[in-house]
Amino acid sequence: MDKAEQTFSRFLDDNQEMAYPDFDKMWERIEPSLPSERSALKAVDLSLPKKKRYRKVAILAASAAILVATPVFAAFTYNWESLFPHRSGIQAVLQQGLGQVMDQSVTHQGIKLTVNKAIVDDNRTVILYSLSAQKGSVKDMYFTEVTMKDSQGKVIEGNRFQRWDETTQSMNGYFETEWTPKQSEDDVQFTAQKLHSFTTVERELDFNAMDGQTGSFAIHQDGIDNLTLRPFEQGEKTLLKSAITFNDPEAKALAYPNIAVYKDGVLLKSDGHNVFGTPGEHGEYTGQQAFKTEELKASGISYKLSYTKETRRVDEAWTYQLHLDRKQMLSGTIKRELNIPMEDSGITMVLKEMLITPTQIRVKVSHDKYVQFPYKNYELEIDGVRLTGGSSHNEKDPTESIYRFERPIGMEIKADKPIAFIASYQVQEHKDAKDLIRLTNINEKKQTLTTQVGGYPVVWTYYRQDNNLFVQSESADPSFGGVNQTYMGKGKDELLGKPVTANFNGDGNNRAIDMYANYEKNEAELNIFWYYTEKPEQSLKVEIIPAN
């Protein structure tokens, strides 16, 4: 793996429900780590406050593809399929040579960007582009801004990803958006700018996670000011919680810092969900990484702060006027009104509409405002074949959600084929735990007590460190999904525990840690907002198109 790829791939993780502050700028480190075909997607994290859940963008992966009849265009030598390992619907279109040929190029400072192709159907628009240099190489160069505007000048939200192709000596990429032309055809403006080259920088840290002490480091280089690194040993795993302050806003946007852990000079792989970029209490850039405790206890362990540094910049804008046409894909499109209710645990969701296009299947649903249906995984069963998908939520309309499923390569979908919608792995939210959790004799020594939360035994571990009170909750019962957040007092005296951990349903870990900053009292009485229960075996199935 080359240095530039290491720069971004080091952040990769199979978790797709992270709270990144800027989704576009994080896309490079997310897309290659999407789950393989046939693997389950992570659903929207139910441990987040409800309004925040709907700000999440669910990154969808799964089995996918298409069978359509449209004109075949000239084959390209670019290996576009490698950009879409988890979007088989797009792969199939590319394999058939379908899509609009654009072939528009703009050159700035000897660097040529070509918009090669567009794939447009009723579910999404994808723009394919390639970057090359007249002299030298663009191997380490990345656009940090890729945007599109409609014919009225309105910005179109989307994601993009770029990857070096050794064969063509070009940086190939795509811009993907849910937006599609309202009419059959439309004009858009496509712009790529802020072209940067990056390298990886590492800084040695005098740190030992196993001594339980917080590390404070004055970095003072490349726009990074200070680093605070705090370990949390949680049995088989140890959590490293980092907080970084910057004195350069641009460095904060581009550094993507993380903690690199080495064993005798070999980089260790993290074990669990990694979270980067969540703002800290004072605007810090925070990170959460988990490692196997057994590995961190071994000899030869060293820690480094790893981040990216800009080495070159081309301040130019590559701009294109594109005419998009989705008529080519209409022959593979089926739209069906549904109005099918699903109900569980007193929550109702109505399947309103199904839209099948050459690249994707979408099911639009309605529900009460900000309500999450109590299941983690979603599938479509088409003529006996199950497709795994995931959901996203309409920020403008909190009563609407969309479930997306990639079309499997070679699957022909006719209007009369039986289709079923399946929800599985039940996750329920409960607010019936009203008993106080009383902590006594708070000091630097870890202490535990066990209480009943909704009939489940929950162990509370609490201690003071750096003048802060830390409270961890966990249960040996796997049906207990965890506590969302603790608090003290009521009304104007209410004091919220700040979540230290980012928690995810269905990962086998129901531990949660809250921190109360500068807590000097020796006693505390805690409440919880709600807790979760999990039933992995529970499922619900409704027929969208019944079998004949």
Side-chain angles (χ1 to χ4, degrees), residues 14 16 34-44 58-70 81 84-96 98 121-124 329-344 349-365 373-392 401-427 506 535-548:
D14 65 348
Q16 302 306 326
L34 289 170
S36 63
E37 295 191 14
R38 299 187 179 87
S39 65
L41 289 177
K42 301 294 183 183
V44 172
I59 304 174
L60 308 177
S63 323
I66 161 179
L67 192 42
V68 292
T70 57
E81 286 88 347
F84 303 98
H86 309 290
R87 287 166 172 74
S88 52
I90 297 176
Q91 283 189 45
V93 169
L94 293 170
Q95 289 174 13
Q96 295 179 56
L98 305 177
D121 65 18
D122 281 1
N123 272 332
R124 60 185 169 192
M329 299 293 187
L330 291 180
S331 62
T333 299
I334 301 172
K335 186 175 182 179
R336 192 174 188 122
E337 300 297 327
L338 302 177
N339 198 33
I340 301 172
M342 294 183 72
E343 185 174 353
D344 191 281
M349 177 173 73
V350 179
L351 310 185
K352 301 294 292 184
E353 176 187 287
M354 180 174 64
L355 180 61
I356 301 172
T357 69
T359 67
Q360 196 178 69
I361 305 166
R362 293 193 183 189
V363 178
K364 183 184 295 186
V365 307
F373 200 63
Y375 282 87
K376 180 175 179 291
N377 302 326
Y378 296 90
E379 296 174 297
L380 270 189
E381 186 177 77
I382 302 178
D383 203 20
V385 177
R386 290 198 176 189
L387 315 181
T388 303
S391 65
S392 64
S401 301
I402 294 177
Y403 293 86
R404 297 173 177 80
F405 306 86
E406 292 289 317
R407 286 189 60 162
I409 294 175
M411 173 180 277
E412 183 180 4
I413 303 177
K414 296 181 179 180
D416 60 348
K417 275 201 172 182
I419 299 178
F421 185 88
I422 303 170
S424 62
Y425 202 120
Q426 186 190 70
V427 178
K535 295 181 180 179
E537 73 288 348
Q538 189 81 4
S539 65
L540 187 62
K541 180 177 180 179
V542 298
E543 301 290 339
I544 292 179
I545 301 177
N548 293 330

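Remember, it's a predicted structure, so these values are computed and weren't measured experimentally.
Side chain of K417 to backbone of E412: a donor-acceptor contact under 3.5 angstrom is found. In this structure, the side chain of R336 engages the main chain of A415 through a donor-acceptor pair within 3.5 Å. Proximity of a side-chain donor or acceptor of Q91 to a complementary backbone N or O of F84 within less than 3.5 Å is detected. With R386 contributing its side chain and E379 its backbone, the two residues share no donor-acceptor pair below 3.5 Å. For E406 (side chain) and G89 (main-chain N/O), a donor-acceptor pair under 3.5 Å exists by modelled atom type. Within the 3.5 Å criterion, the main-chain N or O of T357 finds no donor-acceptor partner in the side chain of D121.
Rounded to the nearest 0.5 angstrom, D122 CG and T333 OG1 are separated by 5.0 Å. Taken to the nearest 0.5 Å, the CG atom of D344 stands 5.0 Å off from the CD atom of Q426. In this structure, CG in L338 is found 9.5 Å from NZ in K352, a value given to the nearest 0.5 Å. The NZ atom of K364 lies 8.5 Å from the CD atom of E337; values are rounded to the nearest 0.5 Å.
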Could you please spell out the steps behind the side-chain contact (heavy atoms from CB on, under 4.5 Å) verdict for M342 and V365?
CA-CA 10 Å; M342 294 183 72; V365 307; over 6 Å; no
Evaluation steps, side chain to side chain donor-acceptor pair (under 3.5 Å), between R87 and T359:
CA-CA 8 Å; R87 287 166 172 74; T359 67; over 6 Å; no
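Annotation for L387 and F405: closest pair O-CD2, 3.5 Å, computed over non-hydrogen atoms. Across every non-hydrogen atom of M349 and Y403, the tightest pair is SD-OH, 3.6 Å. Between I334 and I413 the shortest heavy-atom distance is CD1-O, 3.5 Å. Taking both residues in full, the closest heavy atoms of K376 and V427 are given as CB-CG2, 4.2 Å, listed atom of the first, atom of the second, then distance.
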Result block: side-chain N/O donor-acceptor pairs under 3.5 angstrom for residues 537-546, not counting sequence neighbours:
from : atom 1 : to   : atom 2 : distance (Å)
K541 : NZ     : E381 : OE1    : 2.9

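Take D383 and apply the side chain to side chain donor-acceptor pair (under 3.5 Å) test, not counting sequence neighbours, and it matches no residue.
The shortest distance between side-chain heavy atoms of L380 and F421 falls below 4.5 Å. Using a 4.5 Å heavy-atom threshold, the side chains of N123 and I356 count as separate. The shortest distance between side-chain heavy atoms of I90 and R124 falls below 4.5 Å.
Atom NZ of K535 has 12 or fewer neighbouring heavy atoms from other residues, nucleotides or ligands inside a 6.0 Å radius.
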